[in-house]
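Here the structure is laid out as structure tokens; the discussion comes afterwards.
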Amino acid sequence: MSEIEQLGPWFHNLHLPNGEQTAPDHRLGDFPRFKWQDLEPHIPADLTGWEVLDIGCNAGFYSIELAKRGANVLGIDVDPHYLRQAEWAAKQFGLEDKIELKQMQVYDVARLDRQFDLIWYMGVLYHLRYPLLSLDILAQKCRKQMVFQTLSMPGDEVADTPDDFEINDRKRMLESEWPKMAFIEKRMAGDPTNWWAPNRACIEAMMRSCGFRVKERPGHELYILEVDESLKQQQQWNESEYLSATGQDWQKAVDRKVADKNPYMVSQNGKK
């Protein structure tokens, strides 16, 4: 039995230096190579000195491609089976010194004392119970760009998000261009971890709320995002909630929130 067979089954079809492939009969085709072909022209050819985080790295296809361009890559995954594949594959390409692998959840990134120039976040968000928390965490760790993909609802309509609207003006939320995310209670394609399907408007709105601006959309469900410092300053999420959810001290942040509550309540009640 070959090493490829011993390490199987494979979800990434890697084209190895010796000409072999790890999953030549993949049910999705040459996966994820066909996605990479859409993204490749939009990624800098020289990533020397870039620190990259590959979330849900699987067998390391993207980690390898980014390391080939000179990046130092941290690939994380929850499944030790995939991490063993990625470790073996990195050695086949002579990139083991450029690729670090760890068994981690995306939420564990909050506790990493490091920043990343590029975060690779593909095919993960819709498997999470707490998707927006993951984006908030990554926004705190990203210096330059994020490449993102997720399962999404049909439809491409996007409208400007209102700055405010009345509490009884809810019919507008039924409009096709309103940011919304469908919840999958049971299974989709037999997978019990398929939880969410946002529409395009929701994806872009969530990104803005976390401090990312859409730079390009190179293919179906593919987004290249840039950190936007002005958006970061306008973030709407609750800082104390974020700190609590990531196991950090949140008391001072909630004190600031409570201090701001009275002026808000006064304006809502029309009092001076």
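- At least one donor-acceptor pair closer than 3.5 Å links the side chain of R69 to the backbone N or O of P44.
- Residues in residues 141-167 take part in these ring-ring contact (aromatic ring centres under 6.0 Å, His included) pairs, two or more places apart or across chains: Y121-F148, F165-W178.
- In this structure a side-chain-to-backbone donor-acceptor pair under 3.5 Å is present from H81 to P9.
- Salt bridge absent: D38 and K35 never bring a charged side-chain N and a carboxylate O closer than 4.0 Å.
- The residues R114 and E51 are annotated as salt-bridged, a charged nitrogen and a carboxylate oxygen being separated by less than 4.0 angstrom.
- Between Y62 and H12, the ring planes lie perpendicular to each other; the angle is over 60°, past the 30° to 60° tilted range.
- V52 and L83 fall within a single hydrophobic cluster, where Ile, Leu, Val, Met, Phe, Trp and Tyr side chains are chained together by heavy-atom contacts under 4.5 Å.
- In summary, the side chains of D30 and H15 do present a donor paired with an acceptor at a separation below 3.5 Å, with no hydrogens or angles considered.
- Looking at D25, its side chain never comes within 3.5 Å of a backbone N or O of R27 through a donor-acceptor pair.
- In this structure, E239 pairs ionically with R256, as a charged nitrogen and a carboxylate oxygen lie closer than 4.0 Å.
- A salt bridge is defined here as a Lys NZ or Arg NE, NH1 or NH2 lying under 4.0 Å from an Asp or Glu carboxylate O, and R172 with E175 fails to meet this definition.
- Side-chain contact of N18 with E20: a donor-acceptor pair under 3.5 Å is present, judged by distance alone.
- Residue pairs meeting the ring-ring contact (aromatic ring centres under 6.0 Å, His included) criterion with at least one partner in residues 124-146, sequence neighbours excluded, do not occur; the list is empty.
- Look at K252 and D249 and you find no salt bridge, because none of the NZ, NE, NH1 or NH2 atoms lies under 4.0 Å from a carboxylate O.
- Salt bridge status for K98 with E96: absent, with no side-chain N to carboxylate O gap under 4.0 Å.
- Ring-plane geometry between F61 and W36 is classed as perpendicular, the angle between the planes exceeding 60 degrees on a 0 to 90 degree scale with a lower cut at 30.
- No side-chain donor-acceptor contact under 3.5 Å links R129 and T193.
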